[in-house]
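Chain A is the first sequence line, chain B the second, and so forth, proteins listed ahead of strands; every chain is numbered from 1.
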Amino acid sequence: MNGTTYLIQKLSEGLQKIGVHETADLTIGLERPKIESHGDLATNVAMLLASRLRRNPREIATELVNALELDPKLVSQVDVAGAGFINFKFGIGYYQDALQNILQRKDQFGSDTWGNGERVQFEFVSANPTGPLNIVSARAAAVGDVLANLFAATGFSVEREYYVNDAGRQIRLLGKSVSSRYMVLLGHDEPFPDEGYHGAYIHDLAQQFLDEHGDRFAKLTQDERCNELAKLTLETILASQKAVLDDYGLHYDNWFRESTLRDANSHFTILDTLTQKGHVYDEDGARWFRSSKFGDEKDRVLVTKEGEPTYFLVDIAYHADKYERGFAQLYDLWGPDHHGYIQRVKAALLALGYRDGAFEVNIIQQVNLLQDGEMVKMSKRAGKIIEMKELLEEVGKDVARFFFVARRTQSPLDFDLDLAKNTSEENPVYYVQYAHARICNIIKHAEERGVAFPESARLELLDKKEEIDLIKKLLEFPDLVSKAARYLEPHRVPNYLQELAAVFHRFYHHHKVVTDNLDLTGARMHLIHGTRIVLANALRLLGVSAPERM
RNA sequence: GCGCUCGUAGCUCAGUUGGAUAGAGCAACGGACUUCUAAUCCGUAGGUCGCAGGUUCGAAUCCUGCCGGGCGUACCA
């Protein structure tokens with residue numbers, strides 16, 4: 001039994017009895033007071049009623065409390081306090097039931113079904129296949145994966161998608177860049193394109209292709225060579241991106257290629273639709289979308305005066321395609337340099353008649369990489385790039401994921417590489433993992449002493465402050481998961497884990513689990529086993545491992 | 001100029017979507033290993049929640065205006 005639902009039901013009955021009828025503008029809210037002495041849950045419903053009934057809130061609260069019929073084993077104390085708060089304190093029976101519930105639900109504890117199987121898609125990272133994934137992609141990858149996990153845990157049917165920009169101008173540039181390097185290696189002089197990709201990896205790829213294919217490409221026309229090399233480069237880079245994400249424990253359900261839209265002429269179909277709806281006009285030789293009619297600050301070009309479809313036009317087709325695939329809700333995670341782009345895509349989807357709000361964009365702020373106390377600027381074009389692969393080699397996936405998710409996505413993140421490298425001490429990841437390992441060790445130690453994990457336990461023996469605090473913290477988990485999902489705030493999970501680990505470590509230092517008192521030992525083993533379950537469930541949401549020993 | 005975003009302890013950040021007396025971790029200082037792992041724990045100190053108004057029973061949170069930092073403001077992707 002969930003304490004909040006129980007009390008809301010009882011409060012609702014109580015309101016009926018004192019003659020107050022619930023309306024849409026009156027919701028019974030319960031929250032956990034910051035100050036422990038104020039109880040376990042509090043409601044402000046009397047204060048909300050005060051202005052409506054034109055009565056003193058404390059008076060209403062007192063009347064309501066008198067009308068409540070609560071089970072004294074579950075709720076041990078009810079007070080009217082402050083300006084008119086009603087404070088509730090749970091009884092020991094409540095905690096016994098709750099802990100029992102955690103042990104029964106095991107890895108399902110914290111999961112919910114309110115998403116009702118609704119299909120939701122997360123599209124994230126989607127880096128251009130023109131170079132290795134960088135450290136910003138690593139942040140987006142962690143955040144997106146955890147958000148998807150959170151939605152899955154709250155009952156949604158989630159798909160992870162990666163959009164591969166495998167067509168258009170940039171791919172042509174990529175082909176020309178590699179082709180130039182390749183030809184130079186063979187002693188020919190082929191000029192490097194103006195806005196080409198300068199990274200060292202371009203040179204390395206040219207060398208690799210030379211080793212694998214010899215001078216075969218040199219015999220083609222330049223156009224053919226650029227084309228062939230573009231394809232080969234694209235697939236090679238894509239494969240290495242996949243490999244890095246794989247090491248990160250991130251697996252996409254779908255790799256969607258831009259070329260499938262272009263091959264099917266989907267973007268021109270969309271252009272026709274928009275034109276028929278009267279949202280397109282010609283000016284200065286280009287073809288424009290009247291996005292200012294749909295909340296964008298100005299109109300946008302769909303087809304350039306050279307007749308080239310813009311990235312934007314193809315992107316509209318892409319997002320329309322997602323809707324057509326049957327998703328009820330779309331979430332995109334974009335980089336900070338794209339935030340000016342959100343409104344125009346939303347405008348286009350509105351113009352096409354899709355439901356307002358069904359497409360949301362979450363901006364993942366930049367990562368400032370600090371090295372030797374200085375900020376390293378990252379730019380693919382300039383070739384200075386800190387690769388995600390390097391980061392994983394330095395700090396490992398557990399530390400990287402935890403750190404990236406631990407901050408609000410809309411805040412820029414300073415990543416001190418020097419600090420990250422020597423994370424073996426003072427690291428919150430290890431602090432949390434250590435709590436898990438410690439529990440596993442205690443259970444193992446108990447078994448070595450011949451104390452098997454008991455089927456049932458006298459949980460009423462758990463009445464010490466540190467024990468109750470621990471159970472309370474465990475019980476916060478389901479609500480935490482649903483709020484982290486609902487508000488798209490994955491950083492709540494690492495924060496919660498640190499708090500939970502702290503409460504557990506405190507309990508550990510105050511009380512021994514394995515003692516001569518078999519009943520107490522059994523009860524505490526149930527308690528720490530419940531703790532282990534919640535630690536493991538939360539770590540699983542993060543994609544961070546839960547080691548059994550450290 | 002316009003748009004988005006951030007501003008909370010020396011540093012890095014939380015703050016349960018408007019609740020009661022502002023919270024952690026680092027860093028500083030002082031303690032705790034004969035113990036189920038000290039990768040831990042206990043304690044001390046640290047604040048004009050950028051500034052000023054407003055909304056109401058009540059504001060770090062919502063509104064307005066300033067100040068300061070970041071990003072964006074392409075017929076690039």
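Counted within 6.0 Å of CG on A:Asp282, heavy atoms from surrounding residues, nucleotides or ligands total more than 12; the atom is thus considered enclosed. Within a 6.0 Å radius of CG in A:Asp263, more than 12 heavy atoms belonging to other residues, nucleotides or ligands are found.
Residue A:Tyr431 places at least one side-chain N or O under 4.0 Å from the OP1 or OP2 atom of B:rC41. Close to B:rA14, at under 4.0 Å from its OP1 or OP2, lies no side-chain N or O of A:Tyr496. The side chain of A:Arg407 places an N or O atom within less than 4.0 Å of a non-bridging phosphate oxygen (OP1 or OP2) of B:rC13. Side-chain nitrogen and oxygen atoms of A:Arg408 include at least one within less than 4.0 Å of the OP1 or OP2 phosphate oxygen of B:rA14. Within the structure, every side-chain polar atom (N or O) of A:Arg438 is placed at least 4.0 Å from both OP1 and OP2 of B:rA39.
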Working for salt bridge (charged side-chain N to carboxylate O under 4.0 Å, His left out), residues A:Glu548 and A:Lys444 | CA-CA 10 Å; A:Glu548 298 197 359; A:Lys444 189 160 155 274; over 6 Å; no
Dump the intermediate steps for side-chain contact (heavy atoms from CB on, under 4.5 Å) on A:Phe294 and A:Lys346, then the final yes or no.
-> CA-CA 8 Å; A:Phe294 298 92; A:Lys346 284 191 171 179; over 6 Å; no
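Among the heavy atoms of the strands lying under 4.0 Å from A:Arg506 are primed sugar atoms or P, OP1, OP2 only; no base atom is included. The residue A:Glu489 sits close to a base: some heavy atom pair falls under 4.0 Å. When heavy atoms are screened at a 4.0 angstrom cut-off, A:His505 is found touching the sugar-phosphate backbone but no base atom. Using a 4.0 Å heavy-atom criterion, one finds that A:Lys483 contacts the sugar-phosphate atoms exclusively. Using a 4.0 Å heavy-atom cutoff across all strands shown, A:Arg300 reaches no nucleic acid atom at all. Nucleic acid contact for A:His38: base, since at least one base atom lies under 4.0 Å from a heavy atom of the residue. Nucleic acid contact for A:Gln410: sugar-phosphate only, since backbone atoms but no base atoms lie under 4.0 Å from a heavy atom of the residue. In this structure, A:Phe312 reaches neither bases nor backbone, as no heavy-atom distance under 4.0 Å exists between it and the strands shown. Nucleic acid contact class of A:Asp296 (heavy atoms, under 4.0 Å, all strands): none. Within the nucleic acid shown, A:His511 comes within 4.0 Å of at least one base atom, counting heavy atoms only. Contact annotation for A:Asp284: base contact, defined as any heavy-atom pair under 4.0 Å involving a base atom. If you check every strand for non-hydrogen atoms under 4.0 Å, A:Ala42 touches a base. Across all strands, A:Lys298 comes closer than 4.0 Å only to sugar-phosphate atoms, never to a base (heavy-atom distances).
The A:Val514 side chain lies nearest to B:rC36 when the options are B:rC36, B:rA14, B:rU5. Minimum atom distance to the side chain of A:Thr304 is reached by B:rC76, of the listed B:rA20, B:rG72, B:rC76. Residue A:His509 places its side chain closer to B:rC41 than to any other of B:rA77, B:rC41, B:rU17. For A:Tyr508, the listed nucleotide lying nearest its side chain is B:rC36; candidates were B:rC41, B:rG72, B:rC36. Distance from the side chain of A:Ala81 is smallest for B:rA20 among the nucleotides B:rC75, B:rA77, B:rA20. Listed nucleotides: B:rA14, B:rA77, B:rC36. Nearest to the side chain of A:Tyr311: B:rA77. When distances are taken from the side chain of A:Arg169 to each of B:rC75, B:rG3, B:rA77, the shortest belongs to B:rA77. Out of B:rA20, B:rU17, B:rA77, the shortest distance to the side chain of A:Asn128 is found at B:rA77. Here B:rG70 is the nucleotide among B:rC36, B:rG70, B:rC75 with the atom lying nearest to any side-chain atom of A:Gln366.
Base pairing of B:rA22 is not made with any nucleotide, judged by Watson-Crick or G-U wobble geometry with both donor-acceptor distances under 3.5 Å. Nucleotide B:rU16: unpaired (no Watson-Crick or G-U wobble partner with both distances less than 3.5 Å). Across all strands shown, B:rU44 is found opposite B:rA28 as a Watson-Crick or G-U wobble partner, with both distances under 3.5 Å. Shown here, B:rC4 forms a base pair with B:rG70; the pair counts as Watson-Crick or G-U wobble because both key distances fall under 3.5 Å. Within the shown strands, nothing qualifies as a pairing partner of B:rU55 under the Watson-Crick or G-U definition with both distances less than 3.5 Å. Nucleotide B:rA38 forms a pair with no other nucleotide shown, judged by Watson-Crick or G-U wobble geometry with both contacts under 3.5 Å.
A distance of about 11 Å separates the C1' atoms of B:rC49 and B:rA59, rounded to the whole Å. B:rG46 and B:rU5 have their C1' atoms separated by 29 Å, given to the nearest Å. As rounded to the nearest Å, B:rG3 and B:rU21 have C1' atoms that lie 40 Å from one another. Nucleotides B:rG68 and B:rC51, compared at atom C1', are 11 Å apart to the nearest Å. When the P atom is compared between B:rG47 and B:rG10, the two are found 6 Å apart, to the nearest whole Å. Of the P atoms belonging to B:rA22 and B:rA39, the separation is 36 Å, rounded to the nearest Å. The separation of B:rG31 from B:rC36, taken at their C1' atoms, amounts to 23 Å, rounded to a whole angstrom. Straight-line distance between the P atoms of B:rA52 and B:rA45: roughly 28 Å, to the nearest whole Å.
Contact of the A:Glu489 side chain with the A:Arg408 side chain is not registered, since no non-hydrogen atoms from C-beta on lie closer than 4.5 Å.
In the interface, the side chain of A:Tyr434 is not paired with the base of B:rU40 through any donor and acceptor atom under 3.5 Å apart. For a distance-only test at 3.5 Å, the side chain of A:His338 qualifies as a donor-acceptor partner of the base of B:rA77. A donor-acceptor contact under 3.5 Å is formed by the side chain of A:Asn44 with the base of B:rG19.
The CG atom of A:Asp516 sits 17 Å away from the P atom of B:rU35 (whole-angstrom rounding). As a whole-Å value, the separation of A:Ile342 CD1 from B:rU5 C1' is 11 Å. Atom-to-atom, CZ of A:Arg492 to P of B:rG23 comes out at 17 Å; the value is rounded to the nearest Å. At whole-Å resolution of the value, CD1 in A:Ile363 and P in B:rC4 are 13 Å apart. The CH2-P distance, from A:Trp334 to B:rA77, rounds to 15 Å in whole Å.
One distance of note links CE of A:Met47 with CZ of A:Arg58; it measures 10.5 Å at 0.5 Å rounding. One finds the CG atom of A:Leu539 at 9.5 Å from the CG atom of A:Leu500 (value rounded to the nearest 0.5 Å).
B:rC67: glycosidic angle beyond 90° from 0, hence anti. Because its glycosidic torsion is within 90° of 0, B:rU17 is reported here as syn.
Taking the ring axis of A:Tyr508 as reference, the NZ or CZ atom of A:Arg438 stays within 45° of it and closer than 6.0 Å to the ring centre.
Using a 4.0 Å cut-off between a side-chain N of Lys or Arg and a carboxylate O of Asp or Glu, A:Arg344 and A:Glu297 do not qualify as a salt bridge. We find that A:Arg172 and A:Glu195 are not joined by a salt bridge, their nearest charged nitrogen and carboxylate oxygen being 4.0 Å or further apart.
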